[in-house]
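Contents: one structure, followed by commentary.
Ligands are counted one by one from 1 in listed order, and the atoms in each one are counted from 1 as well. Nothing fancy with the numbering, it's 1 onward along the sequence. These numbers come from a predicted model, not from an experiment.
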Amino acid sequence: MNRRNAPRASAKKMTGKDFQKKMHFFAYATDKTDNRFGLQIAWSRDGFSWNLFGDGFAWLSSPFDAGDTGRKFINPFVFRAGDGVFHCVYQTGCKDSRFAHASSKDLVHWSRQNIFRTNRSAVRNPVVEQTLNGFAVLFRDAEGKAWRTETSDWKRFSDATPEADFVDPRTTLALPNGTWTGVELEAEQAVFDALREDVAFRELYEQRMHQESMSEDPIRFRDLRPFSATLRIDASKSKDIGDMLLGIFYEDINQAGDGGLYAELIQNRDFEQGWDDPTGKRPEWSRKHAWRLEGEGTAFDIETATPIHANNEHYAVLTTETPGAKLVNEGFGGIVLRKGELYDFSLFVRAVEGPGALKIRLAEQGRVLAETEVRQDKPEWIRTKLTLTASDDAERAELEILSLEPGKVALDMISLFPRKTYKERENGLRADLVRTLKALKPRFMRFPGGCVAHGDYLENTYHWKNTIGPLEARKQMPNRWGYHQSMGLGYYEYFLLCEDLECEPLPVMHCGVTCQFPFGQDAVPMDEMPEVVQEYLDLIEFANGPADSGWGAVRAQLGHPEPFRLKYVGVGNEEQITDAFEERFRMIFDALKEKHPEIVVVGTAGPFIRGTDYVEGWDIARRIGLPIIDEHYYVRPGWFIHHQDFYDKYPRDCGTKIYAGEYAAHRPDRRAVVETALAEAMHLINVERNGDLVKMTSYAPLFAKVGYAQWNPDLIYFTNSEVLPTPGYEVQKLFGCNSGSEYLANALQTPSGLDDAARIRVAASVVRDPKSGDMILKFANLLPVTVSVNVEGAADGDAVRTILSGSPDDEKAALVEEIPLPDPSECALPPYSFTVVRIRKGAESKR
Ligand code: AHR
């Protein structure tokens, strides 16, 4: 090492004319939020008296989890290299043998982060030096010995070698918020200005996002009176926006699938709910979940010696000395039965000792609603199917299985479906929920995640091949949302559902790295990546290949010789954009481009619409010519009001289009109400105007079972017997049913002198549906007063209007559908409303 070549990170005290020129910075981390808060920066004009930025901001935090310690950001060291670039290295834990690195030109915007493993017991107090060939990172190990590792590119490091004279240039300073250890730096005023500007932006952003609420409207608009606005339409100017805007994103979160859309009524039918979890993170899981034994004389055990299938290893064994006890399944919060309706029961039985005689009952608190018997005395697994008819209604029935004679019997795949699934399909879906989806007229359906697609560990990454074929051979998994996913609703059922909904499938698969939340990104080793690529190619063959191709034949055998005509494939879901991500993503993307140029690939821009992943995701998209990029944003209603030009601002300089794959308005109380629905309506109006760029959208999440919601708000809530659509659902439906692929030039003008706060709360869009020729106007009025709109340039024809309105806090909106609008050039928008006006072409005007 040539220490004389290494520029010093700490500041020299300035004197004389230098005194006011440079700014002093102190880069440090505190123990705030259990050492997870991130990189903080204090500033000083003179190096003596220090100031904080606002109440404390973090400019960089750790996405890396060091085992069970969470994402710690400890002992950062910020170093400015000769080219002016800042490099930050930090500890990710106290026992972690890795250190993390990111760089920045201005201390505000940081590059993608990477983590490097050393050959030492731990990395503590890492320090950066510049060398002749690049950089060295010096650190201490768990025993306090000093080490040095070198790099020329921040991608590969040499093995650590002992360092004789390790000096840690960190200093300890008394700041207004405490005494902390960190690194002093000097930099020019421009660096300070960038930090200050960022803070000001973030403060304003936070203020708008968090304090903006319709509950303040009575004060904000106390002087506002109803007013008129003008909408000018120039139908001679139009742009093509396609017809894919409104889609749905299904993920098994909130019991959306098992216990929800998937009509199976027995919970943990396969006794697979459990996980030999190497991390011990889910100790409460049990193979007996949702089952209990009531009564004496019988033992209930889980065994694995002779499974039906290797993917379905566990099964129940009832050993009965004296009959009388019963094995009970509670269903998914009870089983709903309807008088006179048929229920298809099935199970696999193996008589281990004795005759294998069972009574099967559906009962609610002692009231037997259906009953039958199963006798199976064979020593091998045999599937038995029976039909039960409910003698009465029940809201919380249970399934009971009684051994009728002494002996030992093995049971597995114990299943009960209502006969009335959607289209009465075997292994089918809940008819009311499918109808609710169909009413949205979705153009596409994204599946199976979300985070379910990539899993939180490599062990629970979703693999499509595990989800097709006989149910007993499917590989169940503990899903990313912490519950057992039976895979009964697998890829084949998904493709059938897309056909039923008349929409395009948009499968999203993992791209070789796991979710960045909550445990940090893990990656499939590169030598195993060809298998990941093959998963994609095989899925395309399964969906589109001829019935005599390898995977096409599997599809045909399952009952669908015709191809599913898959056009879109999503690669990854909001991953952290690291080098590991990019390498794997590129490998899949290149293979798809080469082998299936007809497939439209959808990539990812990370979980937020700002920050490093977003910038880096877009950077990759531009470089490789990605057709569509998936953006996610869960934001306050105020964000939608204050970012109406969000997409107008996007450059149109590259071919990449946008899929807003997950978005929703989140109030602090996370309720789905009229306020959130109207914010989303306003957003979709603005998206429609940008339909040349934003081609697809899907609200998220789609479903939540009441009492099981892990994530709020959701679009459609449901119980075991009811569907409870939200006001946001009605908005989506109105967009789905009133789309048009031609956007017509239009401009909304409010009276001059109207307060800005009122002006920005009214929005309009105009489309034409070339199939019907209808002109469709949409208006959002997020104000507590009526706005009368004079429409200039409306088409001639009969007009109807649909109005959704309510008080901001209402969970149910009033919906008045398709009432005649005698004169579409005059349209009154009620307070807090979303209005759709459809002017029918061809219908003779009565005006
Ligand atoms: O929609 C819920 C979750 O939000 C999705 O799984 C994930 O992609 C996002 O973080």
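A side-chain N or O of Asp648 and one of Asn690 form a donor-acceptor pair less than 3.5 Å apart.
Considering Thr676, Asp809, Asn712 in turn, Asp809 is the only one that fulfils the side-chain hydrogen bond (donor to acceptor under 3.5 Å, both in side chains) rule with Arg667.
Using bins of under 30°, 30° to 60° and over 60° for the plane-to-plane angle, the ring pair Tyr633/Phe640 lands in the tilted bin.
Every residue meeting the salt bridge (Lys or Arg N to Asp or Glu O under 4.0 Å) condition with Arg586, not counting sequence neighbours, appears here in chain and number order: Asp590. Under the ring-ring contact (aromatic ring centres under 6.0 Å, His included) criterion, Tyr568 pairs with no residue at all, not counting sequence neighbours.
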Give one line per pair: atom of ligand 1, protein atom, distance. Only N/O to N/O under 3.5 Å.
| unit_1 | atom_1 | unit_2 | atom_2 | d |
| --- | --- | --- | --- | --- |
| ligand 1 | 1 (O) | Tyr634 | OH | 2.7 |
| ligand 1 | 1 (O) | Glu662 | OE1 | 3.4 |
| ligand 1 | 4 (O) | Tyr634 | OH | 3.3 |
| ligand 1 | 4 (O) | Glu662 | OE1 | 3.0 |
| ligand 1 | 6 (O) | Glu251 | OE1 | 2.7 |
| ligand 1 | 6 (O) | Glu251 | OE2 | 3.1 |
| ligand 1 | 6 (O) | Cys451 | N | 2.9 |
| ligand 1 | 8 (O) | Asn573 | OD1 | 3.3 |
| ligand 1 | 8 (O) | Asn573 | ND2 | 3.0 |
| ligand 1 | 8 (O) | Glu574 | OE1 | 3.4 |
| ligand 1 | 8 (O) | Glu662 | OE1 | 3.1 |
| ligand 1 | 8 (O) | Glu662 | OE2 | 2.6 |
| ligand 1 | 10 (O) | Glu574 | OE1 | 3.3 |
| ligand 1 | 10 (O) | Glu574 | OE2 | 2.6 |

Under 3.5 Å, which donor-acceptor pairs link side chains of residues 256-263 to any protein atom two or more places apart or in another chain?
| unit_1 | atom_1 | unit_2 | atom_2 | d |
| --- | --- | --- | --- | --- |
| Asp258 | OD1 | Ser486 | OG | 2.6 |
| Asp258 | OD2 | Ser486 | N | 2.7 |
| Asp258 | OD2 | Ser486 | OG | 3.4 |
| Tyr262 | OH | Arg269 | NH1 | 2.8 |
| Tyr262 | OH | Arg269 | NH2 | 3.2 |
| Tyr262 | OH | Asn427 | OD1 | 2.3 |

